[in-house]
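One structure is given below, encoded as structure tokens.
Just so we're on the same page: letters track the sequence lines, and every chain starts at 1.
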Amino acid sequence: MIKMSIPPVKEQLDVIERGTVEILPREELIQKLEQSHKTQTPLRVKLGCDPTRPDLHLGHSVILRKMRQFQDLGHHTILIIGDFTAMIGDPSGANKTRPALTREDVVENGRSYFEQASKILDPERTEIVYNSEWLAPMSFEDVIRLASHYTVARMIERDDFTKRYQNNDTISLHEFLYPLAQGQDSVHLRSDIELGGIDQKFNLLVGRHLQKEFGQSQQICLMMPLLVGTDGTMKMSKSYDNYIGIDEKPEDMYGKALSIPDELIYPYFELVTDVEQDRLPELKQQAESDPRNTKHKLAWTITRMYHGAEKADQARDHFEKTVVRKDVPDEMPEFVFASGSGSGILDVIRETGFVPSSSEARRLVAQGGVTLDGEKITDPRYSFETGKTGEFVLKVGKRKFGKLIFR
RNA sequence: GGGGAGGUACCGAAGCGGUCAAACGGGGCAGACUGUAAAUCUGUUGGCUACGCCUUCACAGGUUCGAAUCCUGUCCUCCCCA
């Protein structure tokens with residue numbers, strides 16, 4: 001491992017505070033940073049992840065990027081795969097009790113999570129731990145003791161619980177254990193700082209509280225805002241289908257990034273891109289004066305971060321071509337059919353996998369959402385002549401293209 | 001443990017014996033429009049060998065010519081009391 005020097009406080013704060021919503025308590029953070037700089041001892045920075053959904057998107061990247069910044073400042077970072085807590089299911093976010101996962105699922109998801117997170121974190125400098133390591137061996141007695149350090153009144157103060165309680169929604173008793181388990185992680189790891197989304201505030205504070213109960217130095221809670229999704233209203237989440245996945249194809253990434261409302265251009269630059277700190281004010285202004293080009297710059301930057309400059313250029317060209325000029329893309333998946341079968345258009349569309357059912361295909365045809373070589377097909381009974389050969393460009397819906405080859 | 005309310009499509013929510021593949025809203029999808037995959041307007045939204053047929057209204061049975069709607073049992077949720 002490379003020995004890094006820990007820079008002075010002021011310098012660190014500039015980086016640390018980029019995009020944060022809240023640091024509790026900020027004063028203590030400064031003290032810890034001073035101490036750390038003086039003694040050149042890295043702080044222990046903890047981030048827990050819930051491996052229920054292994055597809056990471058830009059929403060996750062906000063917090064992971066913050067973690068990366070701590071790495072670059074020379075601190076010690078610990079990524080906790082919440083394999084044990086995932087079996088409880090965090091009550092926050094989806095206001096619903098989540099189904100418990102099996103151990104195998106959780107382990108597999110954890111692996112996939114780290115693999116994806118490595119696109120943002122420096123894997124060399126990330127300590128990975130699974131919280132089942134210390135949570136699983138706890139006895140019932142240990143759990144009772146832990147639970148005695150928190151009160152029901154404080155527990156139901158928590159937003160999610162309050163709301164669900166008022167709505168007469170189910171709250172399973174074991175959900176109360178989630179924050180405690182997460183807090184126990186902090187105690188076990190003796191963390192100095194815990195990162196989290198602002199929706200994690202309660203959980204992070206429980207960690208702080210428990211550390212105090214156990215006579216430890218209390219962690220600083222650093223909260224990042226929730227990234228608003230491409231729909232411009234709700235937080236980015238796979239279940240709202242308003243996300244940009246970090247594994248997505250360059251073209252999709254670019255297109256989705258362009259679909260965000262103009263007000264989000266700046267927050268995205270600040271939270272999910274690696275543009276230099278001192279360029280931010282300038283970008284903020286451009287986002288207002290020239291939203292179109294600034295948004296293209298944003299889309300390009302995001303795509304470049306995950307796919308490189310060359311792919312980003314291609315994605316931009318692809319967008320210009322298919323969306324702006326409504327032209328046919330350079331590359332598209334090919335589907336080969338045997339001529340002579342006299343295939344109907346509905347079956348052909350189905351075989352491409354662009355739609356889940358032939359009823360859906362029929363609907364699209366009826367609504368004029370299907371073209372063949374640029375010609376709208378409106379008759380669901382349209383079929384390719386028997387014995388016909390050649391290639392056709394099929395377009396289904398707004399942006400699904402395929403090359404049909406009959407031979 | 002006792003009493004009451006309720007479980008409807010992706011979500012919320014009507015319907016309470018036929019005219020129900022199921023109103024309405026949200027979401028999704030499509031068309032028009034657009035700097036944009038935004039906003040707005042319009043249409044559409046179970047499946048199929050498709051002007052007809054098949055499977056849906058927690059689950060399993062039953063009554064009836066006919067049930068999402070009535071009856072019985074099971075599972076689940078919420079409220080009040082203990």
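Among B:U77, B:G31, B:G47, the nucleotide with an atom closest to any side-chain atom of A:Thr170 is B:U77. Distances were taken from every side-chain heavy atom of A:Arg292 (C-beta onward) to each of B:G35, B:U36, B:A30; the shortest belongs to B:G35. Side-chain proximity of A:Lys295 to B:C29, B:G35, B:U45: nearest is B:G35. The listed nucleotides are B:C48, B:U36, B:G35; the one nearest the side chain of A:Asp262 is B:G35. Looking at the side chain of A:Glu360, the nearest of the listed nucleotides B:A37, B:C29, B:G35 is B:C29. The A:Lys398 side chain lies nearest to B:G31 when the options are B:C29, B:C48, B:G31. Of the candidate nucleotides B:C29, B:A50, B:G31, B:A50 has the atom lying nearest to any side-chain atom of A:Ser358.
Across all strands, A:Arg350 comes closer than 4.0 Å only to sugar-phosphate atoms, never to a base (heavy-atom distances). Contacts of A:Glu320 with the nucleic acid, taken as non-hydrogen atoms under 4.0 Å apart, are absent. Using a 4.0 Å heavy-atom cutoff across all strands shown, A:Leu258 reaches at least one base atom of the nucleic acid. Looking at heavy-atom distances under 4.0 Å, A:Gly255 makes contact with a base.
In this structure B:C78 sits in a base pair with B:G4, meeting the Watson-Crick or G-U test at under 3.5 Å. Both distances falling under 3.5 Å, in either a Watson-Crick or a G-U wobble arrangement, place B:A30 opposite B:U42. Of all nucleotides present, only B:A60 satisfies the Watson-Crick or G-U wobble test against B:U72, with each distance under 3.5 Å.
Below the 3.5 angstrom threshold, one finds a donor paired with an acceptor across the side chain of A:Lys326 and the base of B:U34. Interface remark: the A:Arg362 side chain does form a donor-acceptor pair with the B:A50 base, using a distance-only criterion of under 3.5 Å. Looking at A:Gln367, its side chain comes within 3.5 Å of the base of B:G43 through a donor and an acceptor atom.
Across B:U56 and B:C10, the matching P atoms stand 15 Å from one another, rounded to whole Å. Taking the P atoms as reference points, B:A23 lies 16 Å from B:G18, given to the whole Å. Of the C1' atoms belonging to B:A60 and B:C53, the separation is 27 Å, rounded to the nearest Å.
Aromatic ring pairs are classed by plane angle as parallel below 30°, tilted from 30° to 60° and perpendicular above 60°; the pair A:Tyr243 and A:His57 is tilted. Ring orientation note: the planes of A:Tyr113 and A:His60 are nearly perpendicular, at an angle over 60° on the 30°/60° scale.
In the model, A:Thr85 has a side-chain atom that pairs as donor or acceptor with a side-chain atom of A:Asn131 under 3.5 Å. Between A:Asp122 and A:Gln71, the side chains place no donor N or O within less than 3.5 Å of an acceptor N or O (distance only, hydrogens not considered).
Taking the ring centre of A:Phe319 as origin, the terminal cationic atom of A:Arg316 falls outside the region bounded by 6.0 Å and 45° from the ring axis.
A:Ser359 has a side-chain polar atom (N or O) that falls below the 4.0 Å cut-off from OP1 or OP2 of B:C48.
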Show me the side-chain donor-acceptor pairs of residues 360-370 of chain A shorter than 3.5 Å, one per line, residues at least two apart or across chains.
from     : atom 1 : to       : atom 2 : distance (Å)
A:Glu360 : OE1    : A:Arg363 : NH1    : 2.6

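Along RNA chain B, the nucleotide nearest to A:Ser357 and the one nearest to A:Tyr254 differ in position, and the one closer to the 5' end is contacted by A:Tyr254.
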